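Notes follow once the structure below has been shown.
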Amino acid sequence: MKKIILLICILISFQTFAQHGWTEGTLYLKNGTAKNGLIKFPRVSKDLISFSGKQRVKFKKNKKAKRQKFDHKQVDKIVFTYADSETAVFRYIAVSKNTYELFKVITKGNATLYARSVSYTSSPAVFHPGTMQPIMYDFNDFDEFYVLKKGEKMALPLITVRISRSFKKRAMEYFADCPTVVAKLKDKTYRKQDVETVIKAYNNCN
């Protein structure tokens, strides 16, 4: 019973942590409709399996209004405008054959860079005395970056929380048609913290 209660508490903590709060913005639908109001969508957690398998956007006109849900088949983009007039644009991007997830548009061109913040846990920070069962986890954020070229249907991961291949190897392979970028990746002029510069350099490649 104690193990079940512990698991439920951990899952609740994950779900709370993995949600963006309600934020004022504009939801643009593929049918041409623009909806101004409060928008919320789930943050990706690399520690939990998505039970629905879909990342839906929630919308409501105001705090008291009934919420609506929209998926990648309906949403064109989401735009948030901040106090300093800076805007953030989010779009659904295909990351696998049947999976579309929300990303912020970072820089556009022949290759467009997308980013998202994902949550994950590191080793348990606090253990239950006597049993050494975890009762508290360290929660962390990690910025992932994906790239999508014009004409392609699926975005390629460049930097992810789960390291299967290095940024250097991924980028050298993906931008192989631009020798200048490849050379700067090879001699470490460009590193993963320069990901936006890499995309801009590729888009200006002759």
Side-chain angles (χ1 to χ4, degrees), residues 11-120 139-161 195-197 199-200 202-203:
L11 290 175
I12 290 173
S13 297
F14 270 121
Q15 293 290 352
T16 301
F17 182 79
Q19 292 284 332
H20 286 291
W22 289 101
T23 306
E24 289 188 9
T26 305
L27 175 64
Y28 293 88
L29 300 179
K30 292 181 178 179
N31 64 8
T33 302
K35 303 171 77 68
N36 295 308
L38 298 173
I39 300 169
K40 182 180 181 182
F41 53 85
R43 170 179 266 170
V44 175
S45 172
K46 289 303 179 76
D47 297 291
L48 285 179
I49 297 172
S50 175
F51 295 106
S52 65
K54 296 181 180 179
Q55 193 179 19
R56 292 188 175 91
V57 173
K58 296 177 182 178
F59 173 86
K60 56 184 179 181
K61 187 68 178 177
N62 52 57
K63 291 181 179 179
K64 296 182 179 180
K66 184 179 180 181
R67 70 181 63 181
Q68 298 172 278
K69 293 182 180 180
F70 301 90
D71 61 20
H72 73 277
K73 295 180 180 179
Q74 301 166 294
V75 175
D76 177 39
K77 63 182 177 180
I78 301 163
V79 179
F80 297 113
T81 302
Y82 304 110
D84 57 0
S85 297
E86 181 184 356
T87 59
V89 179
F90 289 78
R91 291 184 180 273
Y92 276 106
I93 302 299
V95 295
S96 68
K97 186 176 180 180
N98 299 309
T99 303
Y100 289 77
E101 295 180 354
L102 284 161
F103 287 83
K104 181 181 178 181
V105 180
I106 303 300
T107 182
K108 298 174 67 177
N110 180 44
T112 299
L113 182 66
Y114 298 92
R116 66 178 178 182
S117 181
V118 302
S119 63
Y120 70 99
F139 292 96
N140 304 276
D141 288 340
F142 186 92
D143 292 329
E144 293 191 327
F145 292 88
Y146 283 63
V147 63
L148 181 65
K149 290 181 183 178
K150 287 182 178 179
E152 295 185 345
K153 296 181 179 181
M154 194 181 306
L156 177 85
L158 287 177
I159 302 173
T160 59
V161 67
V195 59
E196 187 172 349
T197 300
I199 302 300
K200 289 179 178 178
Y202 177 80
N203 285 335

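Because the structure is predicted, anything quoted here is derived from the model rather than measured. As a basis for the values below, the full set of heavy atoms in this structure was taken, side chains included, without hydrogen atoms, waters or symmetry mates.
Applying the side chain to side chain contact (heavy atoms under 4.5 Å, CB included) test between F145 and each of T160, I199, L156, V195 identifies V195 as the sole match. Put simply, the residue from L29, L102, V89, V105 that forms a side chain to side chain contact (heavy atoms under 4.5 Å, CB included) with K77 is V89.
Nearest heavy-atom pair across A155 and L148 is N-CD1, 3.7 Å. Contact record, F80 with G25: CD2-CA, 3.9 Å, taken as the closest heavy-atom pair. Closest heavy-atom contact between I39 and F59: CG1-CD1, 3.9 Å. Closest of all the heavy-atom pairs between F70 and K35 is CZ-CE, 4.0 Å.
Interatomic distance, NZ of K40 versus NZ of K60, reported as 8.0 Å (0.5 Å rounding). Put simply, NZ on K104 and CZ on R91 are 14.5 Å apart, with the number rounded to the nearest 0.5 Å. Taken from CG in L27 to NZ in K58, the straight-line distance is 14.0 Å, to the nearest 0.5 Å. We find the OH-OG1 distance between Y146 and T112 to be 16.0 Å, quoted to the nearest 0.5 Å. The CZ atom of F103 sits 10.5 Å away from the CG atom of L113 when rounded to the nearest 0.5 Å. Interatomic distance, OG1 of T87 versus OH of Y82, reported as 8.5 Å (0.5 Å rounding).
With contacts defined as side-chain heavy-atom distances shorter than 4.5 Å, the pair F90/V75 does not qualify. D71 places none of its side-chain heavy atoms less than 4.5 Å from the side chain of Y100. Using a 4.5 Å heavy-atom threshold, the side chains of E24 and L38 count as touching. Counting only heavy atoms from C-beta outward, the side chains of T26 and N36 approach each other to under 4.5 Å.
Sparse packing is recorded around NZ of K108, with 12 or fewer heavy atoms of other residues, nucleotides or ligands lying under 6.0 Å away.
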Check: Hey, mind stepping through Y202 and V147 against side-chain contact (heavy atoms from CB on, under 4.5 Å) and telling me if it holds?
Finding: CA-CA 11 Å; Y202 177 80; V147 63; over 6 Å; no
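Checking side-chain atoms of N203 against main-chain N and O of N110 turns up a donor-acceptor pair under 3.5 Å.
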